[in-house]
Amino acid sequence: MSSLEVSARGAAADAITAHVPTLVQDEVASRIFAQDATLWGKAAEEEAGKRLSWVGLPRSSRPLLGEIAALREELREDGVSRIVLCGMGGSSLAPEVICATAGVDIVVLDSSSPDVVRRAVTTHLDRTAVVVSSKSGSTVETDSQRRAFEAAFADAGIDATRRIVVVTDPGSPLDAEARGAGYRVINADPDVGGRYSALTAFGLVPSGLAGADIGALLDDAEAVADLLAADDEGNPALRLGAAMGGTKPLRDKLVLVDAGTENVGFGAWAEQLIAESTGKDGTGILPVVADGEAPDHTYEDANVVRLVASTEDDDVETLADQPPRHPDSIAAEQPGPADETREDKAAESGSLITVAGTLGAQLLLWEVATAVAGRLLGINPFDQPDVESAKKAARGLLDQAGSSAEEPAFVDGSVEVRALGGDWLGDAHTLPGAVSALLEQLDDTSGYVAVMAYLDREEDADLEQVARTLFDHTGRPVTFGWGPRFLHSTGQYHKGGPANGVFIQVTADPEEDLAVPGREFTFGDFIAAQAGGDAQVLAEHGRPVLRLHLTNHHRGLSQVRSALSTSGA
Ligand SMILES: O=P(O)(O)OC[C@H]1O[C@](O)(CO)[C@@H](O)[C@@H]1O
């Protein structure tokens, strides 16, 4: 059995029938693996020309294995048993999934919350090593986190050159600075973009140091490389890409449901790959990492992906076994009412894709499929033009650090309420009323709700449940992102994708602020500027944004959870 299987039903299967023959005829798969930059149009050619090296990583990354193993041994001999990874988006999402799937511990620090950073730098520092990962070397979150660790190691009398490992592109600002500081530096392949970097040093170094079997990961990816490069109608990546980007009308909400996959937290990694690759020029695919069952998502623009366990071969047919669907064969395929399951019903009315495969195989599968979907959508899957706008706005607000935020529309208990992006608030004067006013802006055939919580994803984890209650109430897809982590994932889509999102932002004063050594701003200034900057840019794009700021963390959070969970939502 191949370690990679895909099947599709409903609109997704029709998209496969409609597009795969042409993709095969145009030799798209083999051209991707030949790093042909012309596949996405003239405007994308320059960027694509330096962003396709990921197709060779299962082989080209192998020299890293020995270096990482030796470094892991050296650190263990130095008493290290805790690995902290400082990195955003593509510099941390893959190690998070790789380690969770391998069952090894790693602390992923992808927050600028003072309370979160303080916890990371003050816990078991004596047995901690830190991987600082940044492709550009200029991501402010990662730079600030590094500074905090450097200060902590210095205060503890620990030699940072023995405890800080840097992963960055050759020649980045961080590359020179880290080498100058005497840190171990491992350069990554510069011709791979962040969200495609799972099998580069960005994915492998932190995961290997944490104890994951990264050799097996590369083996699993290599085992399917030829299958994914084949100009063949059975190619799972051509089929998944067609199913993702080729439905007609476009089903642009890709609902990722964990239906038993062994790849823990896979949706969080796929979310950045898909949202940041496709969400631009007013189009794109919005990943919706959903809890619950596939059949819950029956809205017309849903394309549901069931991520099943590799061993479930009775539920999944390799597409090579499933003849391309022909319109008059569709009726014959439908199971009779008697033996219809909820899945069948979902498939008939909607669009259902089932994917199984080892993590290594799926990392490569989804990278190829996203590139194929990008071609069908007519966008450049390798740039992220709108991310910079939020970073620029945040920098502008940082320059005004300390100045008070604009006055709230009103305060309800421990929550300051602000409404941006239009005068949709009306006469609402309570938190539930403001939530109702925002949800009235939601288009009931194409809209989505994005909850963006600049809070502590460990301590405040149960807030994520509001995604389900808002979905139950609105019947529309709801995404939940922790800030600023989501800014490097769905953030691009929110600003560059279709203008049909409504946004709920939750921020809070920190328990205690934390200085960023060597900077005029604190972590508290920074995360507030990131939230303010993103809200500002969303509003400038005409998106309605409800900003909720907790003046008392516990009481405010309880009010927000209630307002987003009651039927009044
Ligand atoms: O690895 P870097 O350069 O720090 O960038 C982190 C992330 O930020 C982005 O550049 C923008 O979100 C992502 O594409 C990238 O994965």
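Atoms within a ligand are numbered from 1 in the order they appear, just like the ligands themselves.
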Q.
Checking a contact table here: which protein heavy atom is nearest atom 16 (O) of ligand 1, and how many Å away?
A. Gly90 N, 2.8 Å
Q | Contact check: Ser134 vs ligand 1, nitrogen or oxygen atoms, below 3.5 angstrom | A | yes
(Q) At less than 4.0 angstrom from any non-hydrogen atom of Ser136, what atoms of ligand 1 do you find? (A) 2 (P), 3 (O), 4 (O)
(Q) Considering non-hydrogen atoms of the protein only, which is the closest contact for atom 14 (O) of ligand 1, and what is the distance? (A) Glu276 OE1, 2.7 Å
Q: Determine, step by step, whether Tyr454 and Phe486 satisfy the ring-ring contact (aromatic ring centres under 6.0 Å, His included) criterion, reporting the C-alpha distance in whole Å, the side-chain angles of both residues, the deciding distance to 0.1 Å, and the verdict.
A: CA-CA 9 Å; Tyr454 289 78; Phe486 80 88; 5.8 Å; yes
Q. Between Thr38 and Asp36, is any side-chain donor less than 3.5 angstrom from a side-chain acceptor?
A. yes
Q) So which protein heavy atom does atom 6 (C) of ligand 1 come closest to, and at what separation? A) Met88 O, 3.3 Å
Q) Where the closest heavy atom to atom 15 (C) of ligand 1 is concerned, which of Lys135, Lys391, Gln384, Gln272 has it? A) Gln272
Q | Asp189 versus Thr200, side-chain donor and acceptor atoms under 3.5 Å | A | no
Q.
Given Ser489, which partner from the list Glu276, Glu271, Arg195, Met88 fulfils the side-chain contact (heavy atoms from CB on, under 4.5 Å) test?
A. Glu271
Q. If you measure from the Lys or Arg side-chain nitrogens to the Asp or Glu carboxylate oxygens, is any gap between Lys495 and Asp534 under 4.0 Å?
A. yes
Q | Nearest option to atom 11 (C) of ligand 1, as decided by whichever heavy atom of Val387, Thr139, Val132, Asp383 sits closest | A | Val387
Q. Going by atom types alone, do Ser113 and Asp456 pair a side-chain donor with an acceptor below 3.5 Å?
A. no
Q. Looking only at heavy atoms, is any part of Gln492 under 4.0 Å from ligand 1, and if so is it the side chain, the backbone, or both, or is it neither?
A. neither
Q.
Given Tyr183, which partner from the list Glu177, Glu150, Arg146 fulfils the side chain to side chain donor-acceptor pair (under 3.5 Å) test?
A. Glu150
Q | Ser91 N/O to ligand 1 N/O under 3.5 Å | A | yes
**Q.** Numbered atoms and elements of ligand 1 in range of His488, under 4.0 angstrom, heavy atoms
**A.** 7 (C), 8 (O), 9 (C), 11 (C), 12 (O)
